[in-house]
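On a predicted model such as this, the values are computed, not experimentally measured, just so you know. Numbered from 1 within each chain, the chains take letters A, B, ... in sequence-line order. Any value given below was found using the heavy atoms of this structure, including those in side chains, with hydrogens, waters and symmetry copies removed.
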Amino acid sequence: MTVDQSLDWVAVSAERLNPDELADWVMRPDCGAIVTFFGTTRTTSTLEHEIIELEYDTDIDLAESRIRRVIAAARERWPQVRAIAIHHRVGTVAVREPAVVVAVSSPHRGEAFAAAQFCIDAVKRTVPMWKREVWQNGSAWSQEAQDILDVGDLEPS
Amino acid sequence: MTVDQSLDWVAVSAERLNPDELADWVMRPDCGAIVTFFGTTRTTSTLEHEIIELEYDTDIDLAESRIRRVIAAARERWPQVRAIAIHHRVGTVAVREPAVVVAVSSPHRGEAFAAAQFCIDAVKRTVPMWKREVWQNGSAWSQEAQDILDVGDLEPS
Amino acid sequence: MSQVLLLGPAHEAAGVRRAEIEGDTLAEVMAAAVTRFGPRFAEILAISRLWVNGEDAPADQAVGPSDEIAVVPPVSGG
Amino acid sequence: MSQVLLLGPAHEAAGVRRAEIEGDTLAEVMAAAVTRFGPRFAEILAISRLWVNGEDAPADQAVGPSDEIAVVPPVSGG
């Protein structure tokens, strides 16, 4: 996990996510709005098993570099946005623990909401990340998988 | 401050806001998405003074009942949303401290973002709340004031 | 005689947060309030909404001792 | 000879995360990978994107020892 003294903080790591830390980190004196998104694992599933935990697989360098592209695209669309932090867990994640956190600060709330939603949508569509659902006696890759896109191919919002 | 064992948690109080507590409170096993909004006081202002602190004035019962109407309207628009917590401070608030926090949980993220944004927009337009900006040698009501609306008069989103 | 709740800038202009004011309609109560609280209050009142028991109400609405009138200036919360 | 990074289900199907595989073009490297890793890998490959140094690349792209090819199956993050 690396903290930039800049306006971006990207981390893909096995460490437990701390949403509060991200919200605190994005706070800036000239920003009246902070929007955060936490993606947690639902206990329901498309499979007929009760999910105990998840396993997230990726190549950390590749995933972090793709998240940085998401942030760059968000800044191009909403230049007023100040700080953006995006963390994604890898490895084993218990159900109900956040697997991904996005935090965005901005002077006004409209662009903070828009940028946060863009970031999580783009992370899901453009970052190499594979979720395995683990139940009592087995496991399987998530059925939700979608073709990976480039951030430049996403619909303008 | 009152905690409902239900799905809504509304508080208008002089206590310091704890955004983490709201995010934790809205978490539900069947919800994959939590969106939070923190409104903090910017140090910049429309006046030519450096703002030291804010004072929020309201009638607490009236404000809480109007926030409950905002939540009811959000649930009508996004029935999939699960828990909603909205807290607003009254009295003196230091700059950079959140004055208002909204947290929303939902199975999927689209309606969590939409409902959180609706809630903060509607709180600003429909809840009786007056902000006074305090600087070194004086104070004044915020220049941002807008005519109060009924939540039913807001644009459909 | 109605209960009147004076909020935010209306509270400041009137100098009190709550008052009991005579009048059989909303318009009569507000006329008496302007007489009691003066021109600064009248300016705030001109840009305020009036609620009776938490709902928008027309000027000719009849009001009595069990009604709470709120003077609601433009808001700036959050 | 290129470095090949096998991600998620491609990693599982191939049994390895990284491999050095012969070939002068992306298509040749992938043909050799199918021979080495078998039919389950071929199925995953059919639905995967191929990146060379992090960018989408056509099948006829020339590749060499300094290039990293990634086999990127459909994603399910977050």
message: To the closest 0.5 Å, what do you measure between CG (Leu7(C)) and CD1 (Ile148(B))?
response: 8.5 Å
query: Do you know which two heavy atoms are closest between Lys131(B) and Ser76(C), and how far apart they sit?
result: N-OG, 2.9 Å
field: Sidechain-backbone polar pair: Trp130(B) side chain, Pro74(C) backbone, donor-acceptor under 3.5 Å
entry: yes
- prompt: Should the pair Arg17(C)-Asp57(B) be classified as a salt bridge under the 4.0 Å nitrogen-to-oxygen rule?
  reply: yes
query: Can you list the residues that meet the salt bridge (Lys or Arg N to Asp or Glu O under 4.0 Å) rule with Glu12(C), with sequence neighbours excluded?
result: Arg132(B)
message: Listing request: all ring-ring contact (aromatic ring centres under 6.0 Å, His included) pairs with a residue in residues 41-65 of chain C, at least two apart in sequence or in separate chains.
response: Phe37(C)-Phe41(C)
- request: Tell me, for Val127(B) versus chain C, whether the close heavy atoms (under 4.5 Å) come from the side chain, the backbone, both or neither.
  value: backbone
query: Among Gln146(B), Glu55(B), Lys124(B), His88(B), who wins on heavy-atom pairs under 4.5 Å with chain C?
result: Gln146(B)
query: Rounded to the nearest 0.5 Å, how far does CD of Glu68(C) lie from CG of Asp59(B)?
result: 6.5 Å
- request: Go through the atoms of Ser65(B) and report whether side chain, backbone, both or neither lie under 4.5 Å from a heavy atom of chain C.
  value: neither
task: Please report the closest heavy-atom contact between Ala70(C) and Leu62(B), naming both atoms and the distance.
output: CB-CD2, 4.3 Å
